[in-house]
Amino acid sequence: MRYPSAHKSETHQKIVNDASRRIRSEGITGAAVSAVMRDSGLTHGGFYKHFESKHDLLTESLSAGFQEIADRLTQAAELSRSQPPWKAIVKTYLSLEFCNHVEYGCPLAALGPELARADPAMKPKIFEELKKYKSRMLPFMPGQRTADKERAFFSIFSTMVGAIEVARMLPEPIMREKVLASARDLLLRSF
């Protein structure tokens with residue numbers, strides 16, 4: 001059976017999106033190729049029709065994850081009318097809903113320690129994704145000069161990533177919300 005030429009591209013993107021969510025949910029080592037392919041309704045053998053290696057899949061999945069969260073945060077910033085855009089980003093990122101759904105969240109909050117220990121061959125690709133993420137968020141950060149915006153970005157995102165990581169460790173939603181609210185309040189008063 002012959003498929004239209006767009007079929008392979010659509011299938012490839014579905015695999016990447018499914019893998020991106022699985023990797024954020026289960027970690028880099030928890031997302032086996034067989035499970036990712038099964039999620040996409042395909043066999044393990046079909047993997048190499050789309051990717052040369054698991055590293056290729058991981059790189060594309062991370063890219064998709066960063067793109068997804070950057071899109072979501074950009075939308076929140078652009079829709080903010082009565083507040084500075086960076087405050088909308090903070091409120092969106094540090095929400096209980098965001099915290100409870102790791103599979104749709106920021107790859108940094110889901111995978112930070114694993115990314116730090118990733119295969120050295122992947123580090124340049126991870127770094128490129130981080131640079132793209134920062135460049136998408138920088139226009140919304142507080143400050144007049146680029147250097148000010150960059151300092152704000154690092155302070156804001158480091159705090160948010162850490163707060164999400166700690167909150168996700170806690171068993172009760174009320175405890176998670178307390179951590180998120182503390183970080184949110186601190187950031188919103190800081191700039």
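What you see is a predicted model; the values in this text were computed from it and never measured.
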Would you say that [X] contacts [Y] through its side chain, given a criterion of any heavy-atom pair below 4.5 Å between the two side chains?
{"X": "Phe66", "Y": "Arg136", "result": "no"}
{"X": "Pro84", "Y": "Phe140", "result": "no"}
{"X": "Ile69", "Y": "Pro107", "result": "yes"}
{"X": "Leu94", "Y": "Leu187", "result": "yes"}

Quiz item: Do other residues, nucleotides or ligands put more than 12 heavy atoms under 6.0 Å from Glu103 CD?
Solution: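 Yes - once you tally the heavy atoms of other residues, nucleotides and ligands closer than 6.0 Å, there are more than 12.
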Practice problem: Give a yes or no on whether Lys178 atom NZ has more than 12 heavy-atom contacts from other residues, nucleotides or ligands under 6.0 Å away. | Solution: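 12 or below, so no.
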Exercise. Begin from the C-alpha positions of Gln67 and Lys132 and carry the test side-chain hydrogen bond (donor to acceptor under 3.5 Å, both in side chains) through to its verdict.
Key: CA-CA 9 Å; Gln67 178 73 37; Lys132 283 193 261 182; over 6 Å; no
Contact summary for [X] and [Y], nearest pair of heavy atoms:
{"X": "Ala77", "Y": "Ser80", "result": "O-OG, 2.8 Å"}
{"X": "Pro173", "Y": "Leu96", "result": "O-CD1, 4.1 Å"}
{"X": "Lys87", "Y": "Gln83", "result": "CB-OE1, 3.7 Å"}
{"X": "Ile126", "Y": "Ala118", "result": "CD1-CB, 3.7 Å"}
{"X": "Ala110", "Y": "Val102", "result": "CB-CG2, 3.6 Å"}

Quiz item: Is there a donor in the side chain of Asn17 and an acceptor in the side chain of Gln13, or the other way round, less than 3.5 Å apart?
Solution: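 Their side chains do contain a donor-acceptor pair, which is all the 3.5 Å distance test asks for.
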Quiz prompt | Arg176 side chain to Asn100 side chain, donor-acceptor N/O pair below 3.5 angstrom | solution =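 The answer is yes; a qualifying pair exists.
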Self-check item: Arg145 and Glu150 ion-paired at < 4.0 Å
Solution: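 No.
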Could you state the interatomic distance from [atom1] ([X]) to [atom2] ([Y]), rounded to the nearest 0.5 Å?
{"X": "Glu165", "Y": "Cys99", "atom1": "CD", "atom2": "SG", "value": "10.5 Å"}
{"X": "Tyr133", "Y": "Ser63", "atom1": "OH", "atom2": "OG", "value": "13.0 Å"}
{"X": "Lys54", "Y": "Leu57", "atom1": "NZ", "atom2": "CG", "value": "8.0 Å"}
{"X": "Arg72", "Y": "Thr92", "atom1": "CZ", "atom2": "OG1", "value": "7.0 Å"}
{"X": "Trp86", "Y": "Phe191", "atom1": "CH2", "atom2": "CZ", "value": "6.0 Å"}
{"X": "His12", "Y": "Glu60", "atom1": "NE2", "atom2": "CD", "value": "3.5 Å"}

Quiz item: Going by the angle between their ring planes, with limits at 30° and 60°, are Phe98 and Tyr93 parallel, tilted or perpendicular?
Solution: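 Rings of Phe98 and Tyr93: tilted, 30 to 60°.
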Would you say [X] and [Y] are hydrophobically clustered, going by side-chain heavy atoms of ILVMFWY under 4.5 Å?
{"X": "Leu58", "Y": "Ile15", "value": "no"}
{"X": "Leu138", "Y": "Leu108", "value": "yes"}
{"X": "Val166", "Y": "Leu115", "value": "no"}
{"X": "Ile164", "Y": "Leu188", "value": "yes"}
{"X": "Ile174", "Y": "Val179", "value": "yes"}

Self-check item: Stepwise salt bridge (charged side-chain N to carboxylate O under 4.0 Å, His left out) test for Lys14 and Asp18
Solution: CA-CA 6 Å; Lys14 180 174 178 10; Asp18 290 346; 3.0 Å; yes
Practice problem: Would you sort out whether Lys125 and Glu128 count as a salt bridge (charged side-chain N to carboxylate O under 4.0 Å, His left out), showing the intermediate values? | Solution: CA-CA 5 Å; Lys125 294 175 184 175; Glu128 286 305 312; over 6 Å; no
Short side-chain to backbone donor-acceptor contact, [X] and [Y], under 3.5 Å:
{"X": "Arg184", "Y": "Lys91", "answer": "no"}
{"X": "Arg24", "Y": "Gly105", "answer": "yes"}
{"X": "Lys149", "Y": "Met141", "answer": "yes"}
{"X": "Ser20", "Y": "Ser61", "answer": "yes"}

Could you tabulate the donor-acceptor pairs under 3.5 Å formed by side-chain atoms of residues 155-162, not counting sequence neighbours?
| unit_1 | atom_1 | unit_2 | atom_2 | d |
| --- | --- | --- | --- | --- |
| Ser155 | OG | Arg151 | O | 3.2 |
| Ser158 | OG | Phe154 | O | 2.7 |
| Thr159 | OG1 | Ser155 | O | 2.8 |

Exercise. List the steps, then state whether side chain to side chain contact (heavy atoms under 4.5 Å, CB included) holds for Leu111 with Leu62.
Key: CA-CA 10 Å; Leu111 304 167; Leu62 284 173; 3.6 Å; yes
